[in-house]
Amino acid sequence: MADAQFVYSHDLELAMLAQMALSSRFTLPAQVEAKIADIKLTGPTQEIVAALDQFQLVPLLEVIGAGDVAHFRLAKFAETAAKMPPHVLINLFFGGQLARPAKTWPVLAEQLATLGYAVPALVGQYLFDHQRALLADLQTFLNTVTSRFTPADFEDADAAAKELQTQLTPRLQQEAPLTLAEDLMGKQFRNRGPYQRYFFVPTFWGPTIRLFGQQQTLFIHVPITQLTTAQIVAMWKALADDTRYAIIRLMDANGPLRAVDLIDHIGFSAPTISHHLDILRHAGLIHIEPVGRAKYYSLNRNRFRQLELVLQRLSESKQ
């Protein structure tokens with residue numbers, strides 16, 4: 001069985017917050033955003049980060065997830081990353097999807113283009129030529145984010161992490177790590193390795209994100225609060241449609257599917273299917289996993305479990 005390890009640290013949670021702050025994909029919790037909203041990148045580094053964000057990438061987490069997650073220290077991010085060859089680090093910025101990334105930008109650009117990443121030449125060449133400056137700017141950003149938090153900010157997260165570790169420790173010893181990861185994420189994975197190591201990392205402010213290369217790192221969102229009324233209503237509205245319910249049933253029966261697979265089964269046009277998938281995604285009911293140029297959609301079974309608990313509470317007698 002592959003090595004599997006539960007890892008929790010304030011440094012990893014702060015790295016998640018920094019990545020969320022650098023990306024337009026994520027919404028920071030209000031109490032966190034108030035602390036770090038004024039922290040900005042400027043100049044070429046901001047342009048690079050914005051370019052990567054267009055491809056929905058999480059470069060900070062990818063670099064961290066490729067190393068020794070158990071001993072990650074946020075203050076050493078730039079120093080650790082600088083030890084990697086430039087082409088290896090750039091490959092990690094793009095999700096580590098190339099088995100043998102090229103050592104010059106033009107060749108690497110061609111490889112990335114096969115994955116759907118049309119990266120401007122100025123961006124790619126800057127990544128090669130000014131990598132240390134980029135890393136220094138990112139380290140300064142990370143240090144500034146860190147300076148805004150104290151141990152008191154993590155009290156609830158620490159307690160929840162301890163409880164989760166108690167729950168997962170026997171499962172890590174008894175279950176296959178990939179199966180456990182699928183159960184925790186509430187989905188069936190398309191990309192199944194093989195992986196040499198597994199890290200299970202709880203995050204209380206960030207989303208569930210799976211990073212994979214030679215090892216797999218799974219950031220698991222652990223909600224400290226229950227679903228809001230708005231979230232519950234959004235899920236019911238998303239399910240209250242014949243086509244979307246048919247999509248849900250197909251994913252349940254077949255596992256991860258591409259949009260083209262759904263079109264073949266259901267018969268609607270690509271824009272119509274995309275519209276319904278967007279509604280399901282915004283309601284949090286499905287996951288998206290990119291595999292090369294393709295995107296595979298699967299059920300977020302954790303959300304369905306939360307809905308089940310809502311129904312269970314409603315069905316219980318209050319007498």
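Everything numeric here is computed off the predicted structure, so don't read it as measured data.
Qualifying side-chain contact (heavy atoms from CB on, under 4.5 Å) partners for E155, counting only residues two or more places apart in sequence or in other chains: A152. For F128, the ring pair (Phe, Tyr, Trp, His ring centres under 6.0 Å) test picks out no residue, with sequence neighbours left out. Listed by chain and number, the residues in a side chain to side chain donor-acceptor pair (under 3.5 Å) with T27 amount to none (sequence neighbours excluded).
A salt bridge does not link R249 to D252: none of the charged side-chain nitrogens sits closer than 4.0 Å to a carboxylate oxygen.
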| said: Walk me through whether T140 and L41 qualify under side chain to side chain contact (heavy atoms under 4.5 Å, CB included). | reply: CA-CA 9 Å; T140 299; L41 286 169; over 6 Å; no
| task | Apply the test side chain to side chain contact (heavy atoms under 4.5 Å, CB included) to residues Q167 and L164: give CA-CA distance (whole Å), side-chain angles for both, the deciding distance (0.1 Å), then the verdict. | result | CA-CA 5 Å; Q167 296 172 1; L164 181 63; 3.9 Å; yes
| request: Kindly determine whether T208 and N300 satisfy side chain to side chain contact (heavy atoms under 4.5 Å, CB included), including the steps that lead there. | output: CA-CA 11 Å; T208 295; N300 181 351; over 6 Å; no
| task | Walk me through it: do L60 and L142 pass the test side chain to side chain contact (heavy atoms under 4.5 Å, CB included)? | result | CA-CA 10 Å; L60 287 181; L142 291 169; 4.1 Å; yes
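Aromatic ring orientation, F72 versus F77: perpendicular (interplanar angle above 60°, classes split at 30° and 60°). Ring geometry for H10 against Y8 counts as perpendicular: the plane angle is over 60°, on a 0 to 90° scale with 30° as the lower cut. Ring geometry for F149 against W205 counts as tilted: the plane angle lies between 30° and 60°, on a 0 to 90° scale.
A donor-acceptor contact shorter than 3.5 Å links the side chain of D11 to the backbone of L74.
Side-chain atoms of E47 and Y126 form no donor-acceptor pair, as typed in the model, at a separation below 3.5 Å.
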